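Here the structure comes first, spelled out in structure tokens, and everything after it is commentary.
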Amino acid sequence: MNVRRRRISGIAVTAATALGLGTLSACSSDSSAAGNTDKFDVVASFYPMEYLAEQIGGDHVNVTTLTEPGQEPHDLELSAKQTAQMGEADAVLYLKSLQPAVDEAIAQSDVKTKIDAATLTKLEDHGDVEHDHGGEEHADEHAEEEHSEGGEHALDPHVWLDPVKYAEIAQGVAKAFEKADPDHADDYRKNAEALAKKLGDLDTAYKDGLKNTSTKVFFTNHAAFGYLAERYGLTQEAINGLDPESEPSPARIKELQQEAKADGVTTVFYETLVSDKTAKTLAKDAGLKTDVLDPLEGITDKSKGEDYVGVMQSNLKALETALGAK
């Protein structure tokens with residue numbers, strides 16, 4: 001994707017860069033075994049899809065992933081082996097527009113069940129919306145992005161960071177599993193209900209934890225938390241927009257310093273797998289703290305939690321501290 005210069009203010013959101021995913025789960029076998037087991041073989045594109053497949057499929061599925069730990073899913077290039085593996089699977093679970101190489105391979109694949117998470121909830125176009133500095137709580141001027149082929153604004157794919165939207169996707173995945181593997185439909189339904197309860201509890205924890213805070217504004221290294229911010233009445237300010245490694249302009253740094261004072265911002269968040277250099281530079285110049293807010297694009301040894309729910313709980317604690325939860 002070609003990215004235009006973005007104006008970031010309010011809840012700044014973009015289509016993502018993403019960072020790798022965790023090791024294969026206990027119910028996963030070696031990736032070469034996809035399509036060759038006596039279980040329902042599911043290929044997941046990256047961690048949030050892998051987690052759903054494992055949680056809903058339980059003992060009946062063999063889940064393999066296309067994205068190795070530490071890889072950026074957005075820039076993933078598939079090997080011939082991975083493409084062949086996908087063709088042998090019973091189902092593939094992915095999020096269209098996040099990984100162009102995956103989209104292309106799936107379009108050419110004859111795998112019977114293709115589950116696009118982007119069709120299971122409503123994605124939002126967060127491009128080119130003017131921000132009103134007059135103080136509307138949910139004013140949204142979002143990051144701008146264009147597709148290389150068209151120039152239209154991209155839909156923000158970070159839906160998994162909103163537990164409510166993630167639960168909607170989970171429900172759709174469960175229905176697809178039930179249809180594709182009817183012998184185990186009852187178990188998929190039960191597993192999906194258990195996952196829905198987990199995600200519902202997580203949503204409640206976020207609502208309660210972030211309901212009464214000293215400030216509603218938080219700074220991030222890049223704009224990955226737009227859905228989460230909108231869900232819980234927060235405003236995300238991204239230093240860099242799409243590229244977490246880029247250097248912000250002196251004017252942008254000055255703007256953020258002024259906003260930090262005006263809005264009572266205490267903390268600049270960065271990610272475990274991305275350089276914290278820019279965040280720490282801004283924090284030093286503006287007298288702010290730094291902490292980790294994980295976009296959950298992958299689980300690694302550095303993750304503050306063993307799975308999706310664990311990391312989301314860590315993120316909530318970090319936000320409560322940074323926003324001055326009462």
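Keep in mind that what you see is a predicted model, and the values were worked out from it rather than measured.
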Tell me, do Val92 and Thr113 make a side-chain contact under 4.5 Å, heavy atoms counted?
-> no
Taking all heavy atoms of Tyr47 and all of Gly298, pick out the closest pair and write down the distance.
-> CB-CA, 3.8 Å
Would you say the ring centroid of Phe219 lies under 6.0 angstrom from that of Phe269?
-> no
Drop me the distance from Asn315's CG to Leu293's CG, to the nearest 0.5 angstrom.
-> 4.5 Å
Kindly compute the distance separating CG (Leu155) from CG (Leu98), expressed to the nearest 0.5 Å.
-> 12.5 Å
Given the rule that I, L, V, M, F, W and Y join up when any side-chain heavy atoms are under 4.5 Å apart, are Ile169 and Leu296 in one cluster?
-> yes
Salt bridge flag under 4.0 Å for residues Asp203 and Lys198 | no
Pair Gln85-Thr64, side-chain donor/acceptor within less than 3.5 Å = yes
To the nearest 0.5 Å, how far apart are CG in Leu228 and CZ in Phe218?
-> 6.0 Å
Provide the closest heavy-atom pair for Val63 versus Ala53 in the form atom of the first, atom of the second, distance.
-> CG2-CB, 3.9 Å
Salt bridge flag under 4.0 Å for residues Lys96 and Asp103 | no
How far apart are the closest heavy atoms of Leu161 and Pro295, and which atoms are they?
-> CD2-O, 3.6 Å
To the nearest 0.5 Å, what is the distance between NZ (Lys114) and OG1 (Thr119)?
-> 13.0 Å
Go through the side-chain N and O atoms of Asp187 and His184 and say whether any donor and acceptor fall under 3.5 Å apart.
-> no
Would you say the side chain of Tyr206 lies within less than 4.5 Å of the side chain of Leu319, judging by non-hydrogen atoms?
-> yes
Under a single-linkage definition using a 4.5 Å side-chain heavy-atom cutoff for Ile, Leu, Val, Met, Phe, Trp and Tyr, are Val164 and Tyr166 assigned to the same hydrophobic cluster?
-> no
Test item: Leu288 and Thr267 side chains (from C-beta on) under 4.5 Å apart, heavy atoms = no
Take Asp291 and Lys304, measure what salt bridge (Lys or Arg N to Asp or Glu O under 4.0 Å) needs, and give me the verdict at the end.
-> CA-CA 12 Å; Asp291 200 359; Lys304 294 186 176 182; 3.7 Å; yes
Arg252/Glu255 ion pair, N-O < 4.0 Å = yes
Mind checking the OH-CE spacing from Tyr308 to Met312? Nearest 0.5 Å is all I need.
-> 4.0 Å
Can you find a heavy atom in the side chain of Val61 that is under 4.5 Å from one in the side chain of Asp41?
-> no
Taking all atoms of both residues into account, what is the closest heavy-atom pair of Thr290 and Ala279, and its distance?
-> CG2-O, 4.0 Å
Could you give the distance from CE (Met49) to CH2 (Trp160), rounded to the nearest 0.5 Å?
-> 7.0 Å
Work out which heavy atom in Ile115 is nearest to a heavy atom in Ala176; give both atom names and the distance.
-> CD1-CB, 3.5 Å
Tell me, do Val311 and Ile299 make a side-chain contact under 4.5 Å, heavy atoms counted?
-> yes
Determine, stepwise, if the pair Asp186 / Arg189 fulfils salt bridge (Lys or Arg N to Asp or Glu O under 4.0 Å).
-> CA-CA 5 Å; Asp186 287 345; Arg189 200 172 297 115; 3.0 Å; yes
Does the side chain of Ser303 reach to within under 4.5 Å of the side chain of Asp294, using non-hydrogen atoms?
-> yes
Beyond-backbone contact of Leu76 with Leu66, side-chain heavy atoms, under 4.5 angstrom | yes
Can any side-chain N or O of Thr121 pair as donor or acceptor with the backbone N or O of Ala117 at less than 3.5 Å?
-> no
Mutual orientation of the aromatic rings belonging to Tyr188 and His60 [parallel < 30°, tilted 30-60°, perpendicular > 60°] | perpendicular
